[in-house]
Each structure stands twice: as structure tokens, then as C-alpha cells.
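Everything quoted here is computed from the prediction, not taken from an experiment. Within every chain, numbering begins at 1; the chains are lettered A, B, ... in the order of the sequence lines, protein sequences first and strands thereafter. The figures here come from the full heavy-atom set of this structure, side chains too, leaving out hydrogens, waters and symmetry mates.
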Amino acid sequence: MISELLSSAVAGALRSLGVDDVPAGVTMERPANPDHGDWSTNAALVCQKIVGKNPRQFGQELLDALQADTPQYVVKMEIAGPGFVNFFLDNSYLQSILKQVVDAGQDGFGQLNIGEGKRVNVEFVSANPTGPIHAGGGRWGAYGDSLARIMTRCGYETHREYYINDRGVQTQIFGQSLTARKTGEEIPENGYAGQYIVDWAAEMPDDVDPIEWGIERSLEDARETLESMQVHFDTWSSEKALVEAGLMEQTMVDLRESGYVYDEDEATWLRTSDFGDDQDRVLIKSDGEPTYFLPDIAYHRDKYDRGDLLIDVLGADHHGYVPRMRAALQILGYKPEQYEAVIGQNVKLMRDGAEVKLSKRTGTMIEIRELVDEVGPDVARLAYLLQSVDTPQTIDIDVLKANAAENPVFYVQYANARIHSLNRTAMERELTRVPLGEVDVSVLNDERELAVLKELSRFDEVVAAACANRAPHQVTTWARELARVFHGFYHHNKILAEDVDPAVAQARWWLAEATGVGLAVALDLLGVRAPERM
RNA sequence: GCUCCCGUAGCUCAGCUGGAUAGAGCAUCGGACUUCUAAUCCGACGGUCGUAGGUUCGAAUCCUACCGGGGGCGCCA
């Protein structure tokens, strides 16, 4: 990578000036302002105290040292501002990107090895199987799935998991509600009153266990809806199966052995406060029933069979749950860094200008299904991935419907469709493409051509950052940016027109091809389709 | 009371683990289709980065306090 090449040149120059260890704050970054070059280092600013010189003066010495052995591709270096050393690259650097992207292709572009095969288990959505998933849960589906795709791209071995709370009080009330609707009785107190219960009860055969049938019905709905948004899971883990297999009891035994379990007020407690939780937690209630916490510990432990690092994607309303789980896992001997929770801000759902609160009592909700049916899976999915998961998100279904055509997903998809259209036209005209190895890419010197290449050259960094920050939306931002510079290029730089120099046409054609690779990979990471025509 | 997240253009949001003159989209206004898809492009308008301090060569970014919005603090799940 060019930044590494420049960094090591700077390190070498610093050494020749008596700074043997490069201070931590020294960076090599892309200046926002093109007047400041392609890359810039703050080395002289950071080193000013060490060397006891003012940064402009030391910067000049650094510059002289660098000029003794100018790094590859660098055509100009200068000292600027308070003491930055700026590097200007020859266009041949960006031009060389073209071949790299095309050679890498969709399989290899942005394929990194940060993860080094480390196994990561990502759990997300995990909504109670007592009804359809509401549109708020869609955010975690889109997020979790894309995070997994990005981590896979970065060389992690990822496993996507959905936890099914298929035992306990909620499932019983759910089953009773179904039965009540089927027989025409009143639903129980605190029962589920949504319209879907009525619909599902009508589907339910007579000779089935309403709980089991209802859970299966819920899961079927969840699977179908999530798959329609290209959200995929490798494992659907049943709490019930886990308990029946004795994992919960075994976990209880092992927790007792740890010495952090005690009995008080007829209940059994875990001393999580020794590990950063603000209070101890009950494992077994005074009525002898386990809390939700205990089987969940067993479940997390079980997940370590499918990953060395666990990532739970949780809504902000479950935030308080994290310290106790981290504590429990530490008590069982896992390292704190083996458990990670991504806390996403909850989605606010709106319809008819008012907030729709998910209410089991009245049964009001907006289902993911409704959203997907109304705006299509791509618009829905990208809507979730437009923003940081830290940002509270409002999904106003009316606004989204009305503005579906303005959704950025079409902007990106359209760029891709234009590239395919270009190829179709070329085929119709029976134009032949010269192999890239024989094409003179040095003709690509137009501002817009270089802008496209520059975006493509950033992709590895973007993917790496999106992975490290657990931030799929950074890929969204990049995809929009690539589409933007491509549209500008496409509009102003004709490719197949007759008055274009054939050598230039070939180079531009390959540039479009490379852009297509970038768009396809980015859209795939986002779980959005890349249609060939629109 | 304790704690987590957010506050950036009229609206929705980016801002890459501290960089130089803070950016997109939408909205508004004005332009560009006999030529590879106008679901596009080009331009204009638009900012005390919630407030006040602090850290430093440098702060939207880090720290503290406060203001405002949302969430969490069960022998619920």
C-alpha cells in the first residue's frame, strides 16, 4: 500500500535525523484539501518537542532527508501550513489501481486478512418467537448481516446466529392467545391481542400443540422476511433444546464451582458485582425457576463452540444486560475481550404522522414485512444501513414510501446499471475490448477519471475501518461516493462515442469495468442487489 | 439519583480513533437530453459543529460541567 511505503520513507528520514523511534502520534493521511497533496504527514509537528526545533524548521530538514531518496510515485513534496509535509503522487499511481481492481475482480477486491481466520460468532435480531418481527428489528437484521459480511471480507470466519426464546412464560401466553382466538374465547389477561393472532389462529390445525405450532409459525415468518432482505443466519439456536440437553444445569454446576454463587432470601445469586456489574444477579428465583439470565449464560457458553469472539447486537433497551453477561462469562473463565456487545439505538416507527409503539396489549405494530412489501427489500435494507448504529433512527413508513424513489440505493444501483448498459451497447455495436494488459492507462488524466480511481484506491481502508469500527454504514457512505464520482465521470467522459480516441475509449471502458467491481462488492457487503438494468 | 447513546446547513445524516478553508443527500432557485440509460450531470443558496471551560502546535473529534432529546437501572424477558 502506498501509505505504508510513504510511512516507511518518513520513518527512515526521521532516523537519519536522530529520531529512532517514530512517535505514536505520527500519521500518514489523506488531506481533505487537494491543494495539500495526496498524502500528508504530521511528523514534524509531533516531533517538535523531541527535537527541540520549531516544526517548520524541522519539517524542512525532514523534507531534505526525504528528497535524498524520493519514494516511488512521488513527484513533489512540500512543507506547508504549521509544518505538514505533503506528498504529491504521479497520476501513474492512481492509474495502476485500475489493473489491481480488475485483476482482483469481485472475489478479491477489498478482500483483506485482518481477521487471520479468527472465528467470530455474531448474534442478532433474536426476537421473541411470539409474532412477526417489527420494523425496528429490521435494523439489527441489516446491521448484523452486513457486519458479518464485512468481517468475512476481512478474513474472519464468521457465524451468524439467531437465539430463539422458545420456552418460558411469554410462549405460554402466546399459545393461550392462539387457542383463545381459535375457539372464540376471550384472550387471557396480558395476552397477545394483535390481528396476526386472529389470522394465525385461523390457520392453526386442530391437533397441534399451540405453543409449538405458534413458535414455528413465528420463525417461519421471521426467516422468510429476513431472507427477503438478504439477511441470512447460519444457526437458529433453541433455548428449549439447550435446556433439554442439560446445558443449563451443567452451567449452574460450573458456576457453583467457581465460588461466585451464593444463596440468599431463598434465591440463588451470582456475584457479578465483583466483575463490574452494579449489583449481583439472581440465577434461580425463590420459586425454584431459573431467571432468563441463567439459560442465557449457558447459551453464550455454547456459542464459544462456534466462535472465539462473541458479538451480541443489542438494542439500547437491553444495554443494562451487558455487564452481567460479561461478568458471568469471566466467572466461567473467558477473557473480557472475548465478549463484545454492540449497542444500537432503537428505531422509532411512525405512521400517519404519529409514533407507533409496539404494544402487545393493543397489538399495534409495523411489521418488517409491511415495510418490505411497500418499498422493496433494497430500499428497506439500505434505509437501515444509511446511518451509524449509534444514531437514533426514525422510520416513518409514509415518508419512506413517498420518498422511495429518492432512496440512495437507486443512485448506487443506477451507476451499476449504467455500466452494464454500456457493455450491452458495446456488444450490440460489436465493439471489441482490448485486454487491459495491452491498454495504455496513462491516458486517464482527466480530473473525473482520477476521482474514480481515487475512490477505488480507498476501498481497502474503508472496509478495514468498517470492520474495526463495527460500522457497516461506512461502506454505504463509500458506495454512494463511488457512485457519485462515477456518474460525474460517465456524464462528462464519453466512452463509446465515435469522436473519442480509441485508446482513450479502451482505458475508460476498463475504468467503468473497475467501478462495476467496486459497486458490486460494496452492494454485496450491504446485502443489496446490483441489478444490471433499471 | 446512577448510567449508556445522541445534539453538525431548513430537514435526514457523513466526518475515517486530533489536522490545514466542516461535507453529502433532500428541500429551494437557475442551467444541461439529435450522442454509451436525465433514476443522471453542472451551478447557486445554506454553518456561533447544543453551551461554557480544559488538554495541545492544532478540537466537530479527547476531558470536565451544564442544557436539551432518547434508552437502561426487577427474584421480567
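Under the 3.5 Å distance criterion, the side-chain polar atoms of A:Gln506 are matched with a main-chain donor or acceptor of A:Thr432.
Summarising the geometry, the separation between CD on A:Gln393 and P on B:rG7 is reported as 14 Å, rounded to the nearest angstrom. The NE2 atom of A:His492 sits 14 Å away from the P atom of B:rU40 (whole-angstrom rounding). What separates CD of A:Gln279 from C1' of B:rC76 is a distance of 13 Å, to the nearest Å. Atom P of nucleotide B:rC11 and atom CE of A:Met350 are separated by 15 Å, given to the nearest angstrom.
Contacts of A:Asn54 with the nucleic acid, taken as non-hydrogen atoms under 4.0 Å apart, are absent. When heavy atoms are screened at a 4.0 angstrom cut-off, A:Arg424 is found touching base atoms of the nucleic acid. The residue A:Thr425 sits close only to the backbone: its heavy atoms come under 4.0 Å of sugar-phosphate atoms, none of a base. Base engagement by A:Ala417 is indicated by at least one non-hydrogen atom pair under 4.0 Å involving a base atom. A:Asp396 comes within contact range of no nucleotide atom at all, as no heavy-atom separation falls under 4.0 Å.
Using a cut-off of 4.0 Å between Lys/Arg side-chain N and Asp/Glu carboxylate O, A:Arg30 and A:Glu461 are scored as salt-bridged. Between A:Arg508 and A:Glu449, at least one side-chain N (NZ, or NE/NH1/NH2) sits under 4.0 Å from a carboxylate O, which counts as a salt bridge. Between A:Arg529 and A:Asp378, at least one side-chain N (NZ, or NE/NH1/NH2) sits under 4.0 Å from a carboxylate O, which counts as a salt bridge.
For B:rC33, the glycosidic angle deviates from 0 by 90° or less, giving a syn base.
Among the nucleotides B:rA14, B:rA38, B:rC75, the one closest to any side-chain atom of A:Gln387 is B:rA14.
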For nucleotides 3-6 of chain B, give me every protein contact, N/O to N/O, under 3.5 Å, one pair per line with atom names.
from, atom 1, to, atom 2, distance (Å)
B:rC5, O2', A:Gln345, NE2, 3.4
B:rC5, O2', A:Asp390, O, 2.8

Please list, pair by pair, any protein nitrogen or oxygen found under 3.5 Å from a nitrogen or oxygen in nucleotides 21-32 of chain B.
from, atom 1, to, atom 2, distance (Å)
B:rU21, N3, A:Asn33, ND2, 3.4

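Two rings, from A:Phe109 and A:Phe459, have their centers less than 6.0 Å apart.
At a cut-off of 3.5 angstrom, counting only N and O atoms as typed in the model, there is no donor on one side facing an acceptor on the other between the side-chain of A:Asn346 and the base of B:rG71.
Along RNA chain B, the nucleotide nearest to A:Glu29 and the one nearest to A:Tyr490 differ in position, and the one closer to the 5' end is contacted by A:Glu29. Nucleotides of RNA chain B nearest to A:Ile495 and A:Lys49 differ in position, and the one nearer the 5' end is that of A:Ile495.
Between A:Ile97 and A:Leu453, the shortest heavy-atom contact is CG2-O, 4.1 Å.
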